[in-house]
Participant: 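Once you've had a glance at the structure underneath, I'll fire off some questions.
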Amino acid sequence: TANTWEINGVGGYAFPTGVTLSGNETILITRGEPTTFRTTYGIGSGIRIYGPYPGALDNGGEKITLIKLDPPDPVTFDIPKIRIDRVNYNDDYPWPTTPDGEGDSLHRKVLGNYGNYVDNWEAASPTPGVVD
């Protein structure tokens with residue numbers, strides 16, 4: 001129960017102990033303080049917001065991975081890290097180019113599809129916390 005979910009990329013982020021994510025749940029992880037982010041962008045209470053994460057998204061591309069830590073192996077005490085989802089985005093074709101400093105953000109088309117499938121992403125105006 002002490003093992004937490006993690007995000008590799010953006011400087012790394014470990015979720016608070018005891019957080020459980022539901023399948024296809026939409027959450028936000030922000031670089032700033034979550035309460036300020038919620039107020040600034042009018043995010044409803046139904047969306048959980050975590051943060052701040054220590055780094056910044058790389059506008060040129062980056063690999064971001066959601067990791068679930070399993071209980072330690074009883075013999076070796078190694079903690080297995082299970083990759084739940086990943087996206088290795090880029091600012092070059094075939095990725096949409098307008099999220100690279102032109103105001104758009106990347107939006108996942110189908111939440112249940114694997115994150116590292118470029119055809120499952122599109123450029124659109126930022127809508128933090130909105131579930132399509």
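If you read the sequence from its start, that first residue is 1, and numbering goes on from there.
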Participant: Could you note down all residue pairs passing salt bridge (Lys or Arg N to Asp or Glu O under 4.0 Å) where residues 35-45 supplies at least one of them, sequence neighbours left out?
Facilitator: none
Participant: Quick check for you: to the nearest 0.5 Å, what is the distance between Tyr13 atom OH and Ile29 atom CD1?
Facilitator: 7.0 Å
Participant: For a 4.5 angstrom cut-off between non-hydrogen side-chain atoms, does Tyr89 reach Asp58?
Facilitator: yes
Participant: Look up atom CZ in Arg83 and atom CD1 in Ile67, then write down how far apart they are to the nearest 0.5 Å.
Facilitator: 7.5 Å
Participant: Under 4.5 Å between side-chain heavy atoms, hopping through other hydrophobics if needed: is there a path connecting Val110 to Tyr114?
Facilitator: no
Participant: Determine the minimum heavy-atom distance between Ala123 and Asp104, stating which atoms define it.
Facilitator: CB-OD2, 3.8 Å
Participant: Enumerate the ring pair (Phe, Tyr, Trp, His ring centres under 6.0 Å) contacts for residues 58-84, please, sequence neighbours excluded, ordered by first and then second residue.
Facilitator: none
Participant: Compare every heavy atom of Asp73 with every heavy atom of Thr76, then report the nearest pair and how far apart it is.
Facilitator: N-OD1, 2.8 Å
Participant: Say you draw a straight line from CG of Leu66 to CD1 of Ile82; how long is it, rounded to the nearest 0.5 Å?
Facilitator: 11.0 Å
Participant: State which residues pass side-chain hydrogen bond (donor to acceptor under 3.5 Å, both in side chains) with Asp85; sequence neighbours excluded, sorted by chain then number.
Facilitator: Arg108
Participant: Are the side chain of Glu62 and the backbone N or O of Val10 linked by a donor-acceptor pair below 3.5 Å?
Facilitator: yes
Participant: Heavy atoms only: give me the nearest Val19-Arg48 pair and the separation to one decimal.
Facilitator: CG1-NH1, 4.1 Å
Participant: Please work out whether the ring planes of Trp121 and Trp95 are parallel, tilted or perpendicular, with thresholds of 30° and 60°.
Facilitator: tilted
Participant: Can you sort out the partners of Glu33 under salt bridge (Lys or Arg N to Asp or Glu O under 4.0 Å), two or more places apart, ordered by chain and number?
Facilitator: none
Participant: Mind listing the closest non-hydrogen atom pair of Pro72 and Pro80 along with its distance?
Facilitator: CA-CD, 4.5 Å
Participant: Side-chain contact test, heavy atoms from C-beta onward, threshold under 4.5 Å: evaluate it for Asn88 versus Asn90 and give yes or no.
Facilitator: no
Participant: What is the minimum heavy-atom distance between Thr20 and Glu25, and which atoms define it?
Facilitator: O-OE1, 4.1 Å
Participant: Partners of Arg86 by salt bridge (Lys or Arg N to Asp or Glu O under 4.0 Å), sequence neighbours excluded?
Facilitator: none
Participant: May I ask you to test the Ile64-Leu57 pair for a side-chain heavy-atom distance under 4.5 Å?
Facilitator: yes
Participant: Taking C-beta and beyond as the side chain, do Val87 and Lys63 meet within less than 4.5 Å on heavy atoms?
Facilitator: no
Participant: So does Tyr93 have more than 12 non-hydrogen atoms from other groups sitting under 6.0 Å from OH?
Facilitator: no
Participant: What are the two closest heavy atoms between Ile47 and Ile43, and how far apart are they?
Facilitator: CB-CG2, 3.8 Å
Participant: For residues 33-75, pull every pair meeting ring pair (Phe, Tyr, Trp, His ring centres under 6.0 Å), keeping only residues two or more places apart or in separate chains.
Facilitator: Phe15-Tyr50, Phe37-Tyr41
